[in-house]
There are 2 protein chains.
Amino acid sequence: MSLSNAILGFLSYQPMSGYDLKKVFDESIQHFWSTTQSHIYKELDGLEERGLVASRAIEQEGKPNRKEFSLTAEGRTALLEWLAAPLPLERIREGWLIQIFFAHHLSNEQIVNLLRARRAALAQKLAELEQVDGIIQQRKAGHSAEQVRTAAMWQATLSYGHAHYQAELNWLDGMIQRAETLPE
Amino acid sequence: MSLSNAILGFLSYQPMSGYDLKKVFDESIQHFWSTTQSHIYKELDGLEERGLVASRAIEQEGKPNRKEFSLTAEGRTALLEWLAAPLPLERIREGWLIQIFFAHHLSNEQIVNLLRARRAALAQKLAELEQVDGIIQQRKAGHSAEQVRTAAMWQATLSYGHAHYQAELNWLDGMIQRAETLPE
DNA sequence: CTGTCCATGTAAGGCGTTACATGATTGT
DNA sequence: ACAATCATGTAACGCCTTACATGGACAG
């Protein structure tokens, strides 16, 4: 559901091939939604069957032919409907909390190692996020209402990631202290 | 991977049937990991094939027979190994951020509605978390090192959820303000 | 001459959910 | 009378990932 709507969203800007879509995914929403080429191709098939997108073949010289997809009127309607209706909350699903839940089987030192390793990985993700911020600044050039709105929403997804990583970092710092003084 | 290790984790306390496992899942880790009975049964089959758990049939009167699973020595080793090794970070995967990313297609009012709806849902989840806290207090009775450690880790998963919900709530409050004054 | 870009896909499998089937016992 | 609890599973499907296949153009 999310993937197909993301595809509709990108096609609302301009017609694109599956290959193009993979690139824009990686450039703009990869920090909160990743996907694979094969999945995109499959999903495009489904979308076409449902009449939400239409394709046309484009012959090219020196390069493989392209299959370009564009939004149909129904596709645009479906996108707008999906955008406007609040989604049900997905519950937290963090495999690594299972580790924490049963971590009392480990030594305090092992627990602290676990937490520190995660802290380091998280700090690196945060740094990567800053780079996405750079990309947004580059693209932001325009001043039309539409461009300001688009940039604001992009930035919102970034600050969401920022807030979450930062919250977890703080939690980890507190946990590391507590784990050090647990009765063995 | 996570589910099978969660099962091993619970079996490290005592032998249990698939039915029992579903209950302890719902009582203790449902706030960050949900699952279904059918999935548990399937996973138990796999675990038994791999020699990490062993089953025995127990006949009962007036009730359906049980199939009780217990950890084997290999199972215990596998659990301890899995617990001690840091897991790779799973990337953020929030379908609803796709909504936000393309929300510039909506009116400011619609965007604010979206944010407020999520805010309400989130506040309710937070309240539910507080209830889990009550359950922990009940169980905490003992004072042995083992009991203190177990309770501390349980509580840690709770405060993790708390931190995340609270961070998102704060983010939402900021976003609602910004969305109200976006150029249309 | 090695690797990356362009471009489209197939096949297989893992993880997870929903719906369904069965049937006795106990509580309201 | 009706629903919940106890207890185990099967079948079908959805979402997603990994690995694989193909092949020309172009840059180092």
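So that the names make sense, note that chain A is the first sequence line, chain B the second, and so on, each numbered from 1. Here the structure is a predicted model, which is why all the values come from computation and not from measurement.
Rounded to whole Å, atom P of C:dT17 lies 8 Å from atom NZ of B:Lys22. Distance B:Phe25 CZ to D:dA7 P: 18 Å, rounded to the nearest Å. Between the CD1 atom of B:Ile7 and the C1' atom of C:dG16 there is a distance of 13 Å, rounded to whole Å. One atom, NE2 of A:His39, and another, P of C:dC15, lie 17 Å apart when rounded to the nearest Å. Put simply, CD on A:Glu59 is 13 Å from P on C:dT8, counting in whole angstrom units. The distance from atom CE of B:Met1 to atom P of C:dC15 is 7 Å, rounded to the nearest whole Å. Per the geometry, CD belonging to B:Glu43 stands 10 Å off C1' belonging to C:dG14, to the nearest Å. Going from atom CZ of B:Arg66 over to atom P of C:dG23 covers 21 Å, rounded to whole Å.
A side-chain donor from one of B:Ser144 and B:Gln147 sits under 3.5 Å from a side-chain acceptor of the other.
Looking at the side chain of B:Lys42, the nearest of the listed nucleotides D:dA7, C:dT8, C:dG16 is C:dG16. Looking at the side chain of B:Gln37, the nearest of the listed nucleotides D:dT8, D:dT17, C:dG23 is D:dT8. When each of D:dT8, C:dT10, C:dA7 is scored by its nearest atom to the side-chain atoms of A:Asp20, the top-ranked nucleotide is C:dA7. Closest to the A:Gln60 side chain, of the nucleotides C:dA7, D:dC6, C:dG16, is C:dA7. With C:dA12, D:dC15, D:dA19 as the choices, the nucleotide that has an atom nearest any side-chain atom of A:Ser38 turns out to be D:dA19.
Nearest heavy atom pair, residue B:Glu27 against residue B:Trp154, reads O-CZ2, 3.9 Å. Of all heavy-atom pairs spanning A:Leu11 and A:Met16, the tightest one is CD2-N, 3.6 Å.
Residue A:Ser2 is out of contact with every strand shown, counting any heavy-atom pair closer than 4.0 Å. Residue B:Ser34 is in sugar-phosphate contact alone, with no base atom involved, counting any heavy-atom pair closer than 4.0 Å across all strands shown.
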- [ ] Take B:Ser17 and B:Asp20, measure what side chain to side chain donor-acceptor pair (under 3.5 Å) needs, and give me the verdict at the end.
- [x] CA-CA 5 Å; B:Ser17 68; B:Asp20 295 337; 3.2 Å; yes
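A:Glu48 has no carboxylate O lying under 4.0 Å from a charged side-chain N of A:Lys42, or vice versa, which leaves the two without a salt bridge. Look at A:Arg119 and A:Glu168 and you find no salt bridge, because none of the NZ, NE, NH1 or NH2 atoms lies under 4.0 Å from a carboxylate O.
Put simply, the side chain of A:Thr35 and the base of D:dT17 share no donor and acceptor less than 3.5 Å apart.
Regarding contacts with the backbone of C:dG16, a side-chain N or O of A:Arg93 is found under 4.0 angstrom from either OP1 or OP2. Between B:Tyr41 and D:dT8, a side-chain N or O to OP1/OP2 separation shorter than 4.0 Å is present. Taking only side-chain nitrogens and oxygens, A:Thr36 never comes nearer than 4.0 Å to OP1 or OP2 of D:dA19. An OP1 or OP2 oxygen of C:dG9 is reached within less than 4.0 angstrom by a side-chain nitrogen or oxygen of A:Lys67. OP1 and OP2 of C:dT8 both lie 4.0 Å or more from every side-chain N or O belonging to A:Tyr19.
Of the two residues contacting DNA chain D, namely B:Ser17 and A:Leu3, the nearest-nucleotide position lying further toward the 5' end is that of B:Ser17.
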